[in-house]
Structures are given as C-alpha cells and as structure tokens.
2 protein chains.
Amino acid sequence: MNQAPNLVNTLSSELTDTLRDAIITGEIAQGSKLSETKLAKQMDVSRGPLREAIRRLEGMNLIHHIPQQGARVVKLHMNFVLQIYEAREALESKAVALAAVNMSSQDIDELHRLIDAQAKHLKETSGASIPAESDYAFHQALIQGSKNDVIEHALLQEIYGLIKMFRYQNEAARTSSTNSLIEHRQIVYAIEQRDAVLAETTMRRHIVHARDRIEQRFHREHISSAAKENKPFN
Amino acid sequence: MNQAPNLVNTLSSELTDTLRDAIITGEIAQGSKLSETKLAKQMDVSRGPLREAIRRLEGMNLIHHIPQQGARVVKLHMNFVLQIYEAREALESKAVALAAVNMSSQDIDELHRLIDAQAKHLKETSGASIPAESDYAFHQALIQGSKNDVIEHALLQEIYGLIKMFRYQNEAARTSSTNSLIEHRQIVYAIEQRDAVLAETTMRRHIVHARDRIEQRFHREHISSAAKENKPFN
DNA sequence: TAAGCCCTTAATGTTGACATTTTCAGTCTT
DNA sequence: AAGACTGAAAATGTCAACATTAAGGGCTTA
C-alpha cells in the first residue's frame, strides 16, 4: 500500500526550498555568509540537514562554498548574469529544437493554454508585463517538452534558479510585455509545424533579446563607471 | 602565512573523488545501490561526510537519490547517452564560439601543445586511438577558454563525468584515431582566426559525429532486439 | 499455491557532542 | 605607529547514537 509518489518532505529538502527562496528573493543578501551555527539556531534545526541543503544549493549555483571557510551566496555581477544568459541560450534553444520533434499534441495544447492565459492577462491589465510565474510556466513546459533529462536538469536546476534570483531582485528585468508574447507565439507556431530549426532560431533570438536588454540597461545606469564588469549589478 | 590555495583535502571531498572514480570505472556497477551503512564500514568513515559526498555526486548526475529509499548509480541507457551528447553539443559548441572571442594567445598556444602531443602519440603508436586523458585535456582547455563559468560548470561538473563513465565502460566508445585529430585541428584553426561561427559549427559537427557513431554501434549490436531504448547500453 | 498481513531487521533521517581549523582581538616588539 | 605573535572564541569538519521509516521473511488464510 504505497505507490503514492511520496509527498513526504524530508527536513533537509524543506530546508533546501526555504533557503532557495530566501536567496532568490534577496532575503539573504548576495555575497552574505551562510553561517551554519547561526542558521541552525535561527531555524531551530540541527546542522546535519542544513549542511545537506547547502550542498544542494551549491549544486544549483546559488551558493559558493570554500572548504574550511564556509558558504556564501553568489554575487550577480553583470558579467555573471550575461554568462548565465549565454548558457541559457545554448541549452534552451536546443531544448525547443528537441521539443519540436518530441512534444505530443497534448503537450502542445498545454502550451496554447499557457499562452492564452498570458494574452488574457495582458488584455485585462492593458499592456503591463507578463507575470513572472506565468513566464516560467511557459518556459518550463517547453523545456520539459524536449524530453531530454540532462538538458532539463541543467536548465531547471542550474540556470533558472539564478535567472529567477536576478529577475526578482531587479525590477526592470521583468519580462517585457507584448514583445515577449509575440515571440512566445512564434515559438509555439514553429513547434506546431514540427520545424526544429525555426523553433531553435526563434528561441535563440528571444533569449538574445533579453540578454541585450539587460546589457543595455546596465550600460545606461553605469555609463561613466570604470571596471563595470566587476561591479555588483544592483 | 597561508595564501596557498588549500591543498588540504577535507574527508568529504576525498570521498567524493573516490566514489566518483569508482562509479566512472564501473567498480561500483550501474544501477547498484549505494548503502550508506555498508560503504561507511567498508571505507572506515562515519556516515556524515559520506552523505555529503553522495549529495555532490547527485549534483553531478552520477547518482540518483530517492528520499527515504537511498541512492543508486545511474544507468546508461542508450537514450540517456544520446541525451548526454545532445546537451554536450549545445553547450560545448557555444563554449568554443565564446573561446574564439575570449581566449588569449597564450591559451591558444596551449591548445597547440595539446594537439601536438596527440599527433606525436598517433605517430608513435601508428594510428591507434588518442588516449582518453589527452582528449579530455584538450576539450577542457577549450571549455575553460570560453571564460564562461556557468557553461564551464555545466560541462565539467554535470556532463563530462557521465561521458567519462560511458567511455570507460565501453571499449569501443573511445575517441577514434585520426579523424578526431583532424577535427581538433580545424577547431583550433577557427579559434586562431577568431571565427566564432566556424568554431561553433566545427565543434557541433565533431560532437554529432561522436553521437552518430554511438547510435550506429548500438543499432549494429542490438538489431533484432525490441524496446532497445530501455535496454542498458552494455 | 498465491496473496496478504505482521513482525523483525536494517536502512535512512536527524540530533547533539567532540575535534580541528580559522578568525580576530589584544599584546608585544621594532 | 605598523607589523607580527599569541591565545581565546567561534566556526566548520567529523563522529556516534537515537528516531523513524522502508524492506524482507515467515506466517496465516483463502
């Protein structure tokens, strides 16, 4: 009598989620040290599960750990953010190319539902930006549509945590309105046509656009500053 | 009086390396369970550091862990291997495109040294295959030449462990002789010309070739077997 | 004989204490 | 006053024991 896919949350996995969210939202600041003893007291758990959570977050690129010195939250330098988007470009463009081949028609229907929800939201709020959660849901559906576990793991576990962190802590980095929706439609259209090359190209452009907006915004805000590469982004 | 970048190996990191090698070589078989209690006794350590090592290997995709049930070594199905190579294709082709822009001339000199060593080896052994270590060194130099930490991490921590595991446990999957060397030369040439597009295209072809050889070999060896996708590779 | 239940056993999850290393403040020396 | 040394305090690394959950064998029963 089991079968049920274990909703049982182990303490260590709960801690992972809690810390992950705290890092993404900036509740735990970039570059700040994660003291095991302090956190353990503060959250009223022992250090064992906490250490495991930290190891996992290390694997998610959210934390940098130095032996015998402890763990720190990563800092989102401009260069680092651009590197994140380069990795995302490589992986997610490949993901949609595979999705164009591997998605079922039910999977594609789901894409339409997600896009329609975005369109409805834009209409109702008359042109504001797409909610972050809705955008993630769309991209996640695409990524899972690739049916490639390795790419899915790399994107969802290693890349998207960083992207969420960056977007959450940078007001202006939220996905921009109608342009994104148009690009989303183009991607779904390409997948519907089972056109892997078109899907890949369109997604690549979608991400490069996002990357370019970030770069331009940074240059606008730090025009006269030297050594801009090593300055923290916000 | 320190500065020295800490050669001090913590026990948990030593365990990580030991287990990693044991998994890659097949000393610990694919799909077999990693019992914490048994391993701890066997290696004469406590379970704490061992658990951390297992978490890290989990992040490297070498181990699959199910809460309350334990950890198992991954199985290299054909489909999984092909997925690994698809992820590698996406990431490493982007890596060399970036390397063509970002590598210093000293970095490129190093590439030449690595290739010359391969050529020398082929000459001396008259056409045998390039040693695995030499091939890894070359690809690692390229990847690090991208100067992109995210891509580097994804490839070196998540992908290459699996590739080494696959190659080590499949005699015939070793890199094949002179063709590879030619392709290596072409990649270095493209980087020297600072031609990102050419470098990317050449690397993509290099990896697709490897992937195709794997697929063909599998089909040759399992012609009449149904459900070949879910059969373990070796 | 096969299916289901119970109980024993063993494994994973968690905790608190101990060991070792790092950090840092205070002192001393030049 | 600047720098190096010393020692106390705190942090990370490690260990062994406890708690809880899953796994396996034997029994009963249909």
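Everything quoted here is computed from the prediction, not taken from an experiment. Naming: A, B, ... by sequence-line order, numbering from 1 per chain.
With respect to B:E86 and A:K94, no salt bridge is recorded, no charged nitrogen being found less than 4.0 Å from a carboxylate O. Salt bridge present: A:E110 and A:R113 bring a charged side-chain N and a carboxylate O closer than 4.0 Å.
Atom NZ of B:K38 and atom P of C:dA10 are 10 Å apart (whole Å). Atom pair A:N9:CG and D:dT20:P shows a separation of 18 Å (rounding to whole Å applied).
Listed for the B:N102 side chain is a donor-acceptor partner under 3.5 Å among the backbone atoms of B:S146. In this structure, the side chain of B:T10 does not engage the main chain of B:S13 through any donor-acceptor pair within 3.5 Å.
The two residues A:K147 and A:D107 come nearest to each other via the heavy atoms NZ-OD2, 3.0 Å. When all heavy atoms of B:I163 and B:Y136 are compared, the pair lying nearest together is O-OH, 4.4 Å.
You'll find that the side chain of B:Q68 is closest to D:dA22, out of D:dT12, C:dT14, D:dA22. Of the candidates D:dA23, C:dT15, C:dT14, the closest approach to any side-chain atom of A:V45 belongs to C:dT15. Set against C:dA11, D:dA23, D:dT14, the side chain of A:R47 has D:dT14 as its closest nucleotide. Proximity note for B:S46 (side chain, C-beta onward) versus D:dC15, D:dT12, C:dT12: the nearest is D:dC15. Checked against C:dT15, C:dT23, C:dA11, the side chain of A:L11 finds its nearest nucleotide in C:dT15. When the nucleotides C:dA11, C:dT14, D:dT12 are ranked by their closest atom to the side chain of A:T10, C:dT14 comes out on top.
At a threshold of 4.5 Å between non-hydrogen side-chain atoms, the residues A:R213 and A:F218 do not count as touching. Side-chain atoms of B:V208 and B:E89, non-hydrogen and from C-beta on, do get closer than 4.5 Å to each other.
One axis for each end of the helix from C:dT1-D:dA30 to C:dT30-D:dA1, each built from five base pairs, and the angle between them comes to 20° at 10° resolution.
Residues of residues 48-58 of chain B having a heavy atom closer than 4.0 Å to DNA chain D, listed by number: B:P49.
Comparing B:K33 and A:A71, the nucleotide of DNA chain D nearest to each residue sits closer to the 5' end for A:A71.
Residue contacts for B:L15: at a heavy-atom cut-off of 4.0 Å it reaches no nucleic acid atom on any strand shown.
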